[in-house]
Amino acid sequence: MTMAGEAEGAGGIRADIACGRLPLDAYLDNFSDIHPALGRHEAKIESDRCYFCYDAPCVKACPTAIDIPLFIRKISTGNVDGAAATIFAANILGGMCARVCPTETLCEEACVRNTAEDKPVTIGLLQRHATDAYMAAHATFGQRKAPTGRRVAVVGAGPAGLACAHALALEGHDVTIFEARPKPGGLNEYGIAAYKAVGGFAQHEVDFVTAIGGITIETGKALGRDLSLAGLAADFDAVFLGMGLSGVNALGLAGEAGEGVVDAVDWIAVLRQAEDRASVPVGRRVVVVGGGMTAIDAAVQAKKLGAEEVTIVYRRGEEAMNASPYERDLARKAGVLIRTFLRPVSLGFVDGHVDHVVVERTRLDVAGRPLGTGETLTLPADQVMKAIGQTIGDKAPFAGGVALEAGRVRVDAAFRTSMPKVWAGGDCTGVGEDLTVVAVAQGKAAAASIHAALAG
Amino acid sequence: MADLTTSFCGIKSPNPFWLASAPPTDKQYNVERAYREGWGGVVWKTLGEGPEIVNVSGPRYDGIHAADRRLIAFTNIELITDRPLDVNLCEIAAVKKNWPDRALVVSLMVPCEEASWRAILPLVEATGADGIELNFGCPHGMSERGMGSAVGQVPDYIEMVVRWCKQYTRMPVITKLTPNITDIRYPARAALKGGSDAVSLVNTVSSIMSVDLDLFAPTPTVDGKGSHGGMCGPAIKPIALNMVAEIARDPATRGLPISGIGGITTWRDAAEFIALGAGNVQVCTAAMTYGFRIVKEMIDGLSDWMDTKGYTSIDDFRGRAVPNVTDWQYLNLDYVAKARIDQDLCIKCGRCHIACEDTSHQAITAMVDGRRHFEVIDAECVGCNLCVNVCPVENCITMQPLTSGTDPRTGRPVGGYRNWTMHPNNPMAKTAAERESR
């Protein structure tokens with residue numbers, strides 16, 4: 001079944017990266033919906049658990065401030081479309097957020113039910129119940145105001161760009177979204193784990209958002225290659241930058257470009273775009289370097305593709321990982337080994353193919369920085385995935401226009417950049433957590449600021 | 001181990017739990033299943049005269065549910081038994097023979113004519129049944145024919161029919177009352193005046209359960225139309241408790257045995273009826289919801305509670321709440337209670353705050369020193385108990401009486417006693433000599 005590599009490595013086993021490690025139906029199981037949708041009966045029972053809190057903590061914990069008690073109450077009375085309307089009015093990507101939000105650190109963590117019984121209302125699943133029903137029955141949400149004749153360019157068709165575009169289109173402005181990749185959706189399409197957004201949901205959601213009208217998407221148009229900030233600012237009444245982060249941090253080790261060493265985000269993108277999961281090669285022994293969501297998503301999916309051993313190595317303690325306890329638990333349940341206080345110090349290759357990673361034990365200094373202890377160990381690896389953070393990538397397109405700060409686009413409270421007529425939101429800014437829901441909130445806030453500027 | 005046996009107007013029963021006259025008691029099969037599970041007595045579903053009545057063949061029940069589908073209220077448009085009289089009589093005789101230690105009472109409803117009662121009573125007596133219950137309560141269908149609640153709403157008719165029954169049978173007579181009347185004391189007094197050995201109450205409450213918004217018809221809907229039904233279940237328990245108490249404390253009917261009926265679902269419900277003077281209780285909706293075996297919980301729960309409290313028999317606590325039922329005018333207006341929120345139990349949902357802030361007395365904080373914090377402002381709290389009722393955590397908010405000092409809201413000293421009859425704001429305040437003592 002496997003197509004084994006040729007080299008004899010440190011473990012005495014030949015480097016082994018292969019596709020089709022599993023029986024075909026195992027892929028269906030492994031990549032099926034991680035949280036199957038609630039049925040009508042389940043939703044009814046769960047909606048009854050909401051206390052309809054005053055000044056509800058869950059709403060405050062939601063970056064898009066969805067009126068959660070109100071939408072849940074609407075579900076409980078059978079007004080599911082009304083529930084979805086409450087959600088979409090605050091967050092047009094409520095469908096995706098219901099799937100990918102780390103609710104355990106946002107709304108559900110704030111739920112008062114935790115205090116008495118440690119079991120929050122499953123807000124994410126209820127949100128999905130309402131938005132799924134609405135999206136199955138309606139092509140879009142909202143009614144555009146009369147056209148204003150104003151034109152806005154949005155760079156990037158990810159969550160920030162889509163949210164911004166929808167909000168501007170609602171106000172009657174015409175929006176053109178420029179997207180570098182072949183498909184819109186951004187990380188929803190290329191990034192997040194496959195089992196969180198099954199059935200082509202990301203594209204369905206893009207269609208839902210754009211069906212309001214007044215939004216054109218041009219794919220294959222990248223800032224710096226096909227477009228320039230100056231050109232956009234000249235051609236449009238306003239510009240919104242929501243292009244996310246296209247670069248990744250390097251380990252800084254020799255041989256990093258060698259065979260078997262991949263950027264986790266790229267590997268996930270390949271997996272997401274694969275028609276057939278069985279066609280995606282994965283190592284038999286995989287080492288993932290990093291402590292965030294990308295590391296978890298890569299590790300879990302490697303395991304689900306049939307990798308025998310998947311190890312996450314992280315240079316600090318587990319509590320410092322960006323991945324939430326829930327996500328770490330998910331990884332462990334999938335059979336991923338999480339090892340902490342380890343940092344890679346060298347990559348070993350056999351015949352040009354990665355064979356092992358040498359890691360060094362670390363400890364934290366008084367300032368909390370990880371320091372090497374000098375003690376090393378060797379982890380056999382057929383494949384090494386780098387997931388140690390993303391960067392804005394090529395900075396040239398911003399030169400002389402938009403100021404950066406700590407490697408990200410600098411924005412003010414209204415998401416204006418340093419360049420007149422140019423706003424930004426989402427991961428490319430240095431503000432807020434890098435989450436879909438935060439990107440949506442920022443895209444929407446920027447849209448409000450743009451609209452005010454265009455109206456003024 | 002408490003003794004649960006009862007003797008209700010001479011009818012003996014191993015426990016106070018009877019099944020009310022209703023679908024569960026329509027035939028031998030059901031009644032014997034009920035006895036097997038432990039029910040102390042049964043009131044056989046109402047017998048009538050003449051050709052068997054005909055029930056609708058569409059829906060005859062409907063309910064109101066809490067969001068978890070718990071049945072809060074139930075309604076029916078079923079009539080009295082639709083089985084032939086001789087079949088019922090035969091089965092009643094057989095059941096009584098098979099289960100001599102259980103109470104078996106037969107519910108009756110025939111037209112308000114002496115001949116009709118005179119004809120049916122010997123037939124029932126011949127079965128060996130322990131007593132009869134006069135169905136003056138059924139509010140639907142039969143009432144259109146001058147029976148059921150149509151009789152129960154006219155005290156003179158009650159007295160007249162009870163008198164006939166006492167004349168033509170030696171069996172104890174229980175008069176079942178309808179709640180669809182303004183003052184329940186009048187039919188109870190009439191029953192006593194006619195010689196009734198006991199009353200049972202309440203029968204069902206006239207009701208339209210809901211309206212089908214597609215058909216624009218009341219539910220249950222029969223071929224596009226609906227008719228008011230009789231509502232029962234947990235929702236009517238408060239109505240029933242009040243009516244039982246009214247009769248129990250009415251000097252004109254004091255001591256008249258009462259069989260308590262209305263939404264009894266647990267041992268606790270039963271204990272409450274007995275505390276208000278009921279000699280036993282009758283149950284229907286709970287059995288129709290969960291099946292007959294719920295009686296095991298009722299028997300065990302009541303027995304356990306009695307043991308805990310040191311009551312050895314039902315009579316030990318029967319009626320003990322009656323002296324504490326009084327008129328509003330005798331409530332102590334100088335009694336002051338304040339809500340107290342247990343901060344360890346509080347889950348910070350804020351429902352107490354918003355209920356008080358929006359709809360009552362602005363007496364609960366939402367924010368203290370920039371923190372989400374809910375506590376009672378004594379200077380505003382009138383002790384209304386709204387917050388206790390909206391709080392999702394049991395015993396998190398409690399009402400605690402002030403025992404000394406002054407009420408921070410009114411500045412008045414607490415701990416005294418003034419009811420309305422002696423209050424200075426009452427222009428009709430009576431003199432001290434006229435006051436009811438506490």
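Predicted model only: the values in this text are computed from it and were never measured.
If you measure heavy-atom distances from C346(B) to chain A, the contacts under 4.5 Å come from the backbone alone. With a threshold of 4.5 angstrom between heavy atoms, R372(B) approaches chain A through side-chain atoms but not through N, CA, C or O.
For K309(B), the NZ atom sits in a loose shell: 12 or fewer heavy atoms of surrounding residues, nucleotides or ligands are nearer than 6.0 Å. A 6.0 Å sphere centred on CZ of R73(A) holds no more than 12 heavy atoms belonging to other residues, nucleotides or ligands. The environment of E117(A) atom CD is dense: over 12 non-hydrogen atoms of other residues, nucleotides or ligands sit within 6.0 angstrom. Crowding of D358(B) atom CG: a count of heavy atoms from other residues, nucleotides or ligands under 6.0 Å exceeding 12.
Of all heavy-atom pairs between R351(B) and Y51(A), the closest is CD-O, 2.9 Å. The nearest pair of heavy atoms linking Y54(A) to A366(B) is CE2-CB, 3.7 Å. I347(B) approaches T115(A) most closely through the heavy-atom pair CG2-CB, 3.7 Å.
To the nearest 0.5 angstrom, F52(A) atom CZ is 12.0 Å from C349(B) atom SG. The CZ atom of R70(B) sits 10.0 Å away from the CG atom of D48(A) when rounded to the nearest 0.5 Å. Taken to the nearest 0.5 Å, the CE atom of M367(B) stands 6.0 Å off from the CG atom of D55(A).
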